[in-house]
Amino acid sequence: MENKQHFFTVGPAELYPEIEVYIAEFLEKQLGSISHRSTQFKQIYEFTDFQLRKLLKIPAQHAIMFTGSASEIWEKIIQNLVIHESFHLVNGSFSEKFYKYALALQKSSKALEKGLGQGFVYNEIEVPEYAELICATQNETSTGIQMREADIHKLKRSNSKSLMAVDMVSSAPIPDLDFDVIDTAFFSVQKNFGLPAGLGVWIANEACLEKSKKIKADGHSLGAHHDLPTLWKNAKEYQNPATPNVMGIFLLGKVAENMNHIGIDVIRKSTEDKAKKLYRYFENKTGYSVAAENDSLRSKTAIVINTPINSSEIIKTIAKANMIIGAGYGPNKDSQIRISNFVANSDTQIDALIKEFEKL
Ligand SMILES: *Cc1c(COP(=O)(O)O)cnc(C)c1O
């Protein structure tokens, strides 16, 4: 394609480099028309399930379930895992929305809130006594703050009676989360997996299943649309209760297979190197600064930078070179830019982007 644009946006994002080949295979095999109850579909689900388990080291007992989006999983997690109270670490728009879903579902949930640009470390967090579920956002996409895996694991270990949910929507598969420690995690595919939007992935352990069954047995509602026990039962047969996003599931399996082929360690290292390069560049560029105050809490995949002039001017100038970067989120729309550092944003592309910034 002539004048092809490169997207450094945090989702929807640059598509995975091999995407055209995978979509062509999907069409060639006429997979858009097969029954979602067919053996052929089950084999697609099983393949994607296998590749994701390998990539993220997900234990065999856990279920991998598919929804329409990640925000849908926020609601399902609250409905299926909480009777009275969840506890949320809130430091930006996405973690706040997760919290608000709990309040909208009339839970008496609590939050530990931090200002934009700040993050959470284990020893500052006190989990309320009655929290049934702790909700952490591993990568707060609005502000470019990560929560370190070790802090997440320690938080669960020292509060083992609460379930632990991790939003890894804009960072998966980069965080090295221990699925023997945390109870549930989720992501959607239009971020770091480089796919078109419309598929959410929900990983849960048996403790989650037990909790949802108990809530139901006690006479509470789990919601009408695909509760956890129903999704779980179907997933174990490589099925979905309704007609799922077959194309999304197929493409995700292909991308995960490719990532496994490259090797997750190689991908994680390359992501870190590219992030360091971007951060170093903007730390040294006059007028610009990194939004994250604590450098150990800087996101590896969503780079948020304070700008010396209105960000829309910068975005417009960079776009002339066919490179699309994002504005700040919410109140920081005009004073920040956000740059994705996803797997599909190659080292060469990052270099080319920095070269454009050199001209400013
Ligand atoms: C994008 C995003 C979501 C929402 O994902 P959808 O697939 O759009 O529902 C949730 N959490 C974080 C951290 C995100 O970046």
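Both ligands and their constituent atoms are indexed starting at 1 by order of listing. Side chains included, hydrogens not; waters and symmetry mates left out as well; all remaining heavy atoms used.
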Legend entry - Salt bridge present between Glu283 and Arg298 (N-O < 4.0 angstrom): yes
Inset, instruction - Could you tell me whether the side chains of Ser108 and Tyr130 share a donor-acceptor contact shorter than 3.5 Å? - result: no
Inset, instruction - Report, in ascending order of atom number, the atoms of ligand 1 lying under 4.0 Å from any heavy atom of Ser170. - result: 15 (O)
Inset, instruction - With heavy atoms of Thr141 as the reference, note each atom of ligand 1 found under 4.0 Å away. - result: 12 (C), 13 (C), 14 (C), 15 (O)
Inset, instruction - For ligand 1, find out whether one of its N or O atoms is nearer than 3.5 Å to an N or O atom of Ala70. - result: yes
Inset, instruction - Check Lys191 against ligand 1 and report side chain, backbone, both or neither, counting heavy atoms closer than 4.0 Å. - result: side chain
Legend entry - salt bridge (charged side-chain N to carboxylate O under 4.0 Å, His left out), paired with Glu132, selected from Lys211, Lys107, Lys110: Lys211
Inset, instruction - Among all protein heavy atoms, pick out the one at the shortest distance from atom 9 (O) of ligand 1; state its residue, atom name and that distance to 0.1 Å. - result: Ser71 OG, 2.6 Å
Inset, instruction - In sequence, state the C-alpha distance, the side-chain angles, and the governing distance for Asn345 and Glu14, and then conclude on side chain to side chain donor-acceptor pair (under 3.5 Å). - result: CA-CA 7 Å; Asn345 300 123; Glu14 179 83 355; 5.0 Å; no
Inset, instruction - Would you indicate whether the side-chain heavy atoms of Phe94 and Asn139 approach each other to under 4.5 Å? - result: no
Inset, instruction - Please report which non-hydrogen protein atom sits nearest to atom 8 (O) of ligand 1, along with the residue it belongs to and the distance in Å to one decimal place. - result: Gln190 NE2, 3.4 Å
Inset, instruction - May I ask you to decide if Ile174's main-chain N or O and Ser171's side chain share a donor-acceptor pair within less than 3.5 Å? - result: no
Inset, instruction - Number the atoms of ligand 1 from 1 as they appear, then name those within less than 4.0 Å of a heavy atom of Ser188, with their elements. - result: 5 (O), 6 (P), 7 (O)
Inset, instruction - Establish, from distance only, whether the side-chain atoms of Tyr329 and Gln336 form a donor-acceptor pair under 3.5 Å. - result: no
Inset, instruction - Answer yes if the side chains of Asp227 and Asn80 hold a donor-acceptor pair under 3.5 Å, and no otherwise. - result: no
Inset, instruction - Report the part of Phe98 in contact with ligand 1, treating N, CA, C, O as backbone and CB onward as side chain, heavy atoms under 4.0 Å; options are side chain, backbone, both, neither. - result: neither
Legend entry - Nearest-neighbour protein heavy atom for atom 11 (N) of ligand 1, which is reported as residue plus atom name and distance: Asp167 OD2, 2.8 Å
Legend entry - Element-labelled atoms of ligand 1 that are located less than 4.0 Å from some non-hydrogen atom of Asn139: 13 (C)
Legend entry - For atom 10 (C) of ligand 1, the protein heavy atom that lies nearest, with its residue and separation: Trp74 CZ2, 3.2 Å
